[in-house]
Amino acid sequence: MIYTAAEIKQIDQTATQNGMPESILMERAASAIVPKLPIESHSTILVVCGTGNNGGDGWVVARELAVKGHEVSVWLPLGDSKSEAASTHAAYASSLVRVIEQPVATDIVIDALFGVGLSGPVTGKARDVIEWVNQQMATVLSIDLPSGIPSDHALEFDGLAIQATRTYCLHGYKRTAFLNRTSPYYGQIERIDIGLPHTSGWSVLTESDFNRSLLERDRFSHKTDYGHGILIGGSRHLLGAPFLGGRAAIRSGIGLLNLSVPREASPFISTLPEAMYNQHTDVLEQSYDAIAIGPGMVEGEGMDTIWQQVKHQSCPIIVDAGALSTRRFETRGPLILTPHPGEFSRLTNQSVEEIEGDRFAVASEFAKQHRVHLILKGTYTLIVTPDGKGAVNTVEASALAKGGSGDILTGILLALWSRKGELQSPSEQAVLWHALAAKSISRTIHPASVLASDVIEELGRI
Ligand SMILES: NC(=O)C1=CN([C@@H]2O[C@H](COP(=O)(O)OP(=O)(O)OC[C@H]3O[C@@H](n4cnc5c(N)ncnc54)[C@H](O)[C@@H]3O)[C@@H](O)[C@H]2O)[C@@H](O)CC1
Ligand SMILES: [K+]
C-alpha cells in the first residue's frame, strides 16, 4: 500500500468529514507506534515536534512515553503548533513532559518535524534543526517520513533530510521509500495501520507474496499443461543472451520451449538440448502460448521482418532489451515491456534522472497511455498493469546488478505468461522469483561473484 501526499490528505479529509477527527487519528497513530519503539526503560528521549500534524503525532507519542515512565523532553524549534488538533494534544502533553528551549543529546530522537505536509526543499531554521539531528549519536525514529524527505518524488530533493534509523509510515508507505535517492534516509521501514480504509492502487511485494505453488506439478499433468513459448533473441555478436533466457524459462517450469536464434548461434545449441530450435529467418508458428523477443538482439539484422510476424500473434508478447522501441507498441495480445531506466529513457524521451526521481508517476502514466504491462527494472522494480496500477518489489538482490540478469527475467516471464492465464499476476511473480533466487544464491556465493547462470540454477531451490 503506497500513497501520494494528496491521497493521504484526501483520506484524512474524508475521515474528518465523516466524524473521525484528526485528533483521534493522531491518538491512533501514537498508540500504534509507541509499543513498537525500540526504547529501553533507562533511555533518554528527545521528541522534536514541528508545527503541523506530524508534530501533533510527536506530542502524543511524547505523552504516552512519559506516562509509561520514560524521561521525555520535547523541543519545538519552529514554534508552537499551528494545527488545532496538534495544539489540543500539545496543551495536555506539555503538563507531562519537559519542554526545552535548547536541544540536548539523548539516546533516542523522535523526529516529528515534517510529514506529508512538506512542500519543496526545507527552508529556514528547520535546515539547522535537521543538521543538528544528523550530528547526534542517537537512534533516530521518524514518524511518517524522515523530515525533509518529500512524499511523492525526488525531483526537487536537495539532499537535506533527517537520516532515520527507522521510520513508522502512517496508513501506507510513501513513494519515496522506494526511490534510490531517498530510500536510504528512511532506515528500516514499518507500516502503521491507523484504521483508515485502503484505496491504494500500489502494493508492496515482499518474500511472502511469492506464490510457491508455481513450482508444483500435478501428478497427471502433461508438458502442454505448462505452456509452449518461444524466445527470439541473439544477434551476430550477442549470442549468449537467448540461451540464458531459454535456460531460465525451462528452470521456471515451461512445458515446451522454442529458441529462435541467428545462424551464428549454431555452435551453442548443444549447451541447451532441452529446447527446440528455429532460426530468425524461419516463419513463426501460430501456436505459442507466449512469445519473448529481444535478449541480445540489435536493430537491423532482420528485426523488422521478425516483428511483423510477432505482432500479429494474439498471445502475450514480452519485449525486452534490443527489441524495445516505440515502433513496437502495436500488438494484438497483451504487451509486456521490461526496460531498465536507460531503455525506458529512450522509450519516453525523458532523462534517466527524471525517471528515477519520479518512477511511480512516469511508469504509471506510460502504462496507461500505451495500454501495456510495464516492468521498470531497478533496485525497486515496478510492475505496472495497463490501468496504471502496480506493485513495487522490495526483495533486494545486489547480485542482479550484472549482465545477463535481464535475460533471466525475460525467460521467467516467458514461462509464467505461457501458463495460459492460469496464474495471477505472472509479472509480479516473475520479478519476485528472479530476486529471491538471486538473494538465495548470495547466501553461499558472494553477490559480486554470482553468475547469471548461478541465479538460473537457484530458481528451483528457493
Ligand atoms: N491520514 C493520516 O495518515 C494522518 C496523518 N497525520 C500526520 O499529519 C502529517 C501531515 O500533517 P500536516 O499536513 O499538518 O503537515 P506536516 O506536519 O507534515 O508539515 C506542515 C508544516 O511544514 C511547513 N512546511 C511545509 N513545507 C516546508 C518547507 N519546504 N520548509 C519548511 N517548512 C515547510 C508548513 O508551513 C507547516 O507548518 C502526516 O505526515 C502525519 O504525520 C496524523 O496526524 C494522523 C492521520
Ligand atoms: K517526520
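Scope of the values below: all heavy atoms of this structure, side chains included, with no hydrogens, waters or symmetry mates. Counting starts at 1 for both ligands and their atoms, in listed order.
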Q: Below 3.5 angstrom, do we get any N/O pair linking Gly115 and ligand 1?
A: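 Between Gly115 and ligand 1 (N or O atoms, distance only) the closest approach is under 3.5 Å.
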Q: For atom 25 (C) of ligand 1, find the nearest protein heavy atom and state the residue, atom name and distance (0.1 Å precision).
A: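 Ranked first by proximity to atom 25 (C) of ligand 1 is Gly117 O, 3.5 Å.
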Q: Which of the atoms in ligand 1, numbered in the order shown and given with their element, are less than 4.0 Å from a heavy-atom of Ile194?
A: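 Ligand 1 atoms under the 4.0 Å threshold to Ile194: 2 (C), 3 (O), 45 (C).
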Q: With a 4.0 Å cut-off on heavy atoms, is Glu22 in contact with ligand 1?
A: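 No, Glu22 has no heavy atoms under 4.0 Å from ligand 1.
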Q: N/O to N/O below 3.5 Å, does that happen between Pro121 and ligand 1?
A: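 Yes - when backbone and side-chain N and O of Pro121 are compared with those of ligand 1, one distance drops under 3.5 Å.
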Q: For atom 39 (O) of ligand 1, what is the nearest protein heavy atom, given as residue, atom name and distance?
A: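 Checking every protein heavy atom, the shortest distance to atom 39 (O) of ligand 1 gives Asp144 OD2, 2.6 Å.
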Q: Report the nearest protein non-hydrogen atom to atom 17 (O) of ligand 1: residue, atom name, distance rounded to 0.1 Å.
A: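 That would be Asn54 N, 3.0 Å.
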Q: Starting from atom 33 (C) of ligand 1, what is the nearest protein heavy atom, named by residue and atom, and what distance separates them?
A: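 Ranking protein heavy atoms by distance from atom 33 (C) of ligand 1, first comes Phe114 CE2, 3.8 Å.
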Q: Any protein heavy-atom neighbour for atom 27 (C) of ligand 1 (distance below 4.0 angstrom)?
A: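 Yes, there is a protein heavy atom closer to it than 4.0 Å.
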Q: Calculate, to the nearest 0.5 Å, the distance between atoms CD1 and CD1 belonging to Ile318 and Ile336 respectively.
A: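 Between Ile318 CD1 and Ile336 CD1, I get 5.0 Å after rounding to 0.5 Å.
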Q: For ligand 1, which atoms have a heavy atom of Gly52 less than 4.0 angstrom away?
A: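 So the atoms of ligand 1 that pass are 14 (O), 17 (O).
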Q: Out of the N/O/S atoms in Asp111, what is the name of the one closest to the K ion (ligand 2)?
A: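 When I compare the N, O and S atoms of Asp111, O is nearest to the K ion (ligand 2).
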